[in-house]
Amino acid sequence: MLFKSEIIKCGDNVDTDVIIPARYLNSSDPKELAAHVFDDLDPNLKQKIKKGCILVAGKNFGCGSSREHAPIAIKASGISCVIAVSFARIFYRNAINIGLPILECKEAVEEAEEGDEFIVDFETGKIQNVTKDRSYNAGGFPPFIKEIITKGGIISFAAERMKQNV
Amino acid sequence: MGMTITQKILADHTGKKYVEPGELILADVDMVLGNDITAPVAIKEFYKSGCKKVFDRKKIALVPDHFAPNKDIKSAQQCKTVRDFAREQGIENYFEVGKMGIEHALLPEKGMVVPGDLVIGADSHTCTYGALGAFSTGVGSSDMAAAMMMGKIWFKVPETIKFIFNGKLNPWVTGKDLILYTIGQIGVDGALYKAMEFSGEAITSLSMDERFSITNMAVEAGAKSGIIAPDQKTIKYVEERSNKPYNIYESDDDAEYSEIFEFDCSQIEPQVALPHLPENTVGISSIDHILIDQVVIGSCTNGRIEDMRAAAKILKNQKVHPYVRLIIIPATQEVYLQCIKEGIIEIFIEAGAVVSTPTCGPCLGGYMGILAEGEKALATTNRNFVGRMGHPKSEVYLSNPAVAAASAVMGRIASPEEVIKNAV
């Protein structure tokens, strides 16, 4: 998976309540959720999201509730990939489980400015800031996790195991 | 190398003698939990996979508590999805309105989690059961679906941070204050991906209800889990409620910790977390005239019987300030009934509070007490993020139940001593 796009930036501790406020959790439809993504963080942020764009965030992105609606809303909004200094752990799991590519890379985040052009190779974890002519290595995922991702997420992974009866 | 209590539970659920931090494991689960927000997504994934039957209908708990009793048509549809699934699959632990309570108060109360268990729940506050000496952690809906299929879940074995609380607690200081204080010290990502192990004489002195408040908020420091080694209080609590066999684990003396913090409880006063992060904690004495519009006493953090008793102690023969709305929500039907038996509900209503049936409701800005623009609330809940209880320009402060009750009387964030002193 290779992503090439301008980036949009947000800060530290962006929580799941501002990613998708609970008042919209009476639906789990990705389109409905995407219509309200980041409503309480910055009402203008949604307008900046173009199809395929890369979100660059600070530390502890996705902290708070376990709602899978948060990565679902982000993915359905058109964001292709999220790079952060760190992710809150449930968000991290959920993103992997629903197939939203995420990478942790402090340096890439700190040196990035809104609008920079990024190229991200999800397989190798290589991140290029084309605008600033800098490249970084976020590291790849361990084989166990790659297996989940290559099988198309945790559900397909589990379904296959059920068939093999292991 | 010795193991922490967390490593031991994970090793035993993986069929291994030893697991080390960082190791990826596929572990057996003893209980899989979901609610009316997260379970519908999991149920959809479950069916999509082609799976017909859950791995064990006795090891799944479904609790519609967030937007139940149904707050609107969409919520009613979500609750119906959960109900239909529970009936079709013969889920033993489905709790209908009337039996339902806030999930993390309900499961321990019903004896559904015991020491040594491995529990996952599609709700971030699933970490609550660590107070019983169980490993429990919040996951998302897809994880819940996969666990309902396989009875297993993948984990990275966490490192553990040890917290030792020395000394005796000051008046009006509770488990809630210790965890708020801790989060204030280490920050909302201070324990990211890690297990928090709470120990020391101050922890031993706490009741089970107060211990639940502590482990409940481990996630607010970014932790995977929070845990307290079982003692006689734990065993008594469990044996009164459960026939399930349990396993007592303890950390080895030579267990490895990534960090150790020691706190002197004589230095800790009742805490208040200011907007908009639980790490923004200050002692009650440094609060300067913050007027409030609403107080909420309840939630999976502080909706248990001792929390109700603490509020009642303050509210007895007092009146809620005319500019404040006080909303009290006992976390379960058992807590509610006990409040009635002890005359606590009468104290609340005479004081001018409203008492609600169990629900998560206002804690996450669902319903039953949403804030308008510019309003301020003091709540015994667990999060004070932007917009958490309503309008994005409203504010939430967090405290223990006695501080919350005192503040409802005074109309501003206040120490319980102010009310008790005035009453004399």
Side-chain angles (χ1 to χ4, degrees), chain A residues 12-19 21-29 32 39-43 58-61 63-72 85-99 142-145 147-148 153-163 166, chain B residues 24 26 37-38 40-42 44-46 48-51 66-67 71-75 77-78 121-126 137-147 149-150 152 154 156 158 187-189 192-193 219-220 222-224 276-277 279 364-366 370 383 385-388 390 392:
Chain A
D12 293 339
N13 301 316
V14 171
D15 63 75
T16 55
D17 277 287
V18 295
I19 295 173
R23 58 185 177 275
Y24 304 119
L25 296 185
N26 53 11
S27 168
S28 59
D29 175 47
E32 270 187 62
D39 267 9
D40 288 1
L41 178 66
D42 172 5
K59 63 171 188 167
N60 203 24
F61 184 82
C63 62
S65 98
S66 69
R67 63 190 73 157
E68 207 158 289
H69 312 66
I72 291 172
V85 173
S86 61
F87 291 93
R89 61 160 285 275
I90 305 178
F91 184 91
Y92 185 90
R93 289 185 77 94
N94 288 346
I96 289 169
N97 287 342
I98 66 143
F144 193 88
I145 304 297
E147 195 189 337
I148 293 174
I154 188 73
I155 297 301
S156 324
F157 174 83
E160 191 158 309
R161 284 187 72 93
M162 299 296 291
K163 268 186 224 140
V166 281
Chain B
L24 284 163
L26 198 60
I37 304 289
T38 57
V41 181
K44 197 162 77 182
E45 294 293 322
F46 178 87
K48 217 163 70 184
S49 76
C51 194
H66 277 56
F67 294 168
K71 85 173 177 101
D72 53 23
I73 294 169
K74 282 182 169 180
S75 307
Q77 291 298 135
Q78 295 201 132
D123 187 277
S124 60
H125 294 107
T126 303
T137 191
V139 296
S141 297
S142 292
D143 272 323
M144 182 194 170
M149 294 161 68
M150 310 189 269
K152 290 176 191 292
W154 67 270
K156 195 185 235 183
V188 290
D189 63 346
L192 195 61
Y193 305 129
V219 64
E220 310 313 335
K224 175 175 273 184
H276 289 287
L277 285 175
E279 70 182 21
L364 75 162
I370 303 303
R383 290 195 176 124
F385 299 150
V386 170
R388 176 76 180 173

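Below, chains carry the letters A, B, ... as their sequence lines are ordered, and counting in each starts from 1.
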Undergrad: If you compare all heavy atoms of A:G64 against all heavy atoms of B:S124, which two are closest, and at what distance to 0.1 Å?
TA: O-CB, 3.5 Å
Undergrad: Answer yes or no: is there an ion pair linking B:D143 with A:R93, defined by an N-O contact shorter than 4.0 Å?
TA: yes
Undergrad: Using 0.5 Å steps for rounding, measure from the CZ atom of A:R67 to the OG atom of B:S141.
TA: 11.5 Å
Undergrad: Hey, could you give me the SG/CG distance between A:C63 and B:L277, rounded to the nearest 0.5 Å?
TA: 7.0 Å
Undergrad: Chain A: which of B:T38, B:T126, B:D72, B:V219 shares the most heavy-atom pairs with it under 4.5 Å?
TA: B:D72
Undergrad: So which heavy atom on A:Y92 is nearest to which on B:Y193, and how close?
TA: CD1-OH, 3.9 Å
Undergrad: Could you look at B:K44 and say if it's the side chain, the backbone, both or neither that has a heavy atom under 4.5 Å from chain A?
TA: side chain
Undergrad: Is it the backbone or the side chain of A:F91 that comes under 4.5 Å from a heavy atom of chain B, or both, or neither?
TA: neither
Undergrad: Quick check for you: among B:M149, B:K156, B:E220, which has the greatest number of heavy-atom pairs under 4.5 Å with chain A?
TA: B:M149
Undergrad: Could you give the distance from CG (A:N60) to CD (B:E279), rounded to the nearest 0.5 Å?
TA: 9.0 Å
Undergrad: Please classify the contact between B:A223 and chain A as side chain, backbone, both or neither, with a heavy-atom cut-off of under 4.5 Å.
TA: backbone
Undergrad: Considering all heavy atoms of both residues, which atom of A:S28 and which atom of B:Q78 are nearest to each other, and what is their separation?
TA: N-OE1, 4.2 Å
Undergrad: In Å, rounded to the nearest 0.5 Å, how long is the span from NZ of B:K74 to CG of A:L25?
TA: 11.0 Å
Undergrad: Could you give me the CA-CA distance, side-chain angles and deciding distance for B:E45 and A:I154, then say whether side chain to side chain contact (heavy atoms under 4.5 Å, CB included) is met?
TA: CA-CA 10 Å; B:E45 294 293 322; A:I154 188 73; over 6 Å; no
Undergrad: Can you give me the closest heavy-atom contact between A:A159 and B:S49, atom names plus distance?
TA: CB-O, 4.0 Å
Undergrad: Is B:I37 in contact with chain A via its backbone, its side chain, both, or neither, using a 4.5 Å heavy-atom distance?
TA: both
Undergrad: In terms of heavy-atom pairs under 4.5 Å with chain B, which of A:D12, A:L41, A:I90, A:N26 leads?
TA: A:N26
Undergrad: Where on A:D40 is there a heavy atom nearer than 4.5 Å to chain B: the side chain, the backbone, both, or neither?
TA: both
Undergrad: Which distance, rounded to the nearest 0.5 Å, do you find between the CH2 of B:W154 and the CG of A:N97?
TA: 6.5 Å
Undergrad: What heavy-atom pair brings A:E68 and B:G140 nearest, and what distance separates the two atoms?
TA: OE1-C, 3.2 Å
Undergrad: Please round to the nearest 0.5 Å and tell me the distance separating atom OG of A:S66 and atom CE of B:M144.
TA: 10.0 Å
Undergrad: Does the side chain of B:T137 come under 3.5 Å of the side chain of A:R89 through a donor N or O and an acceptor N or O?
TA: yes
Undergrad: B:P40, B:G121, B:S142: which one forms the most heavy-atom pairs within less than 4.5 Å of chain A?
TA: B:S142
Undergrad: Go through B:G138, B:G366, B:A146 and name the one with the most non-hydrogen pairs under 4.5 angstrom from chain A.
TA: B:G138
Undergrad: Please classify the contact of B:L364 with chain A as side chain, backbone, both or neither, using a heavy-atom distance under 4.5 Å.
TA: both
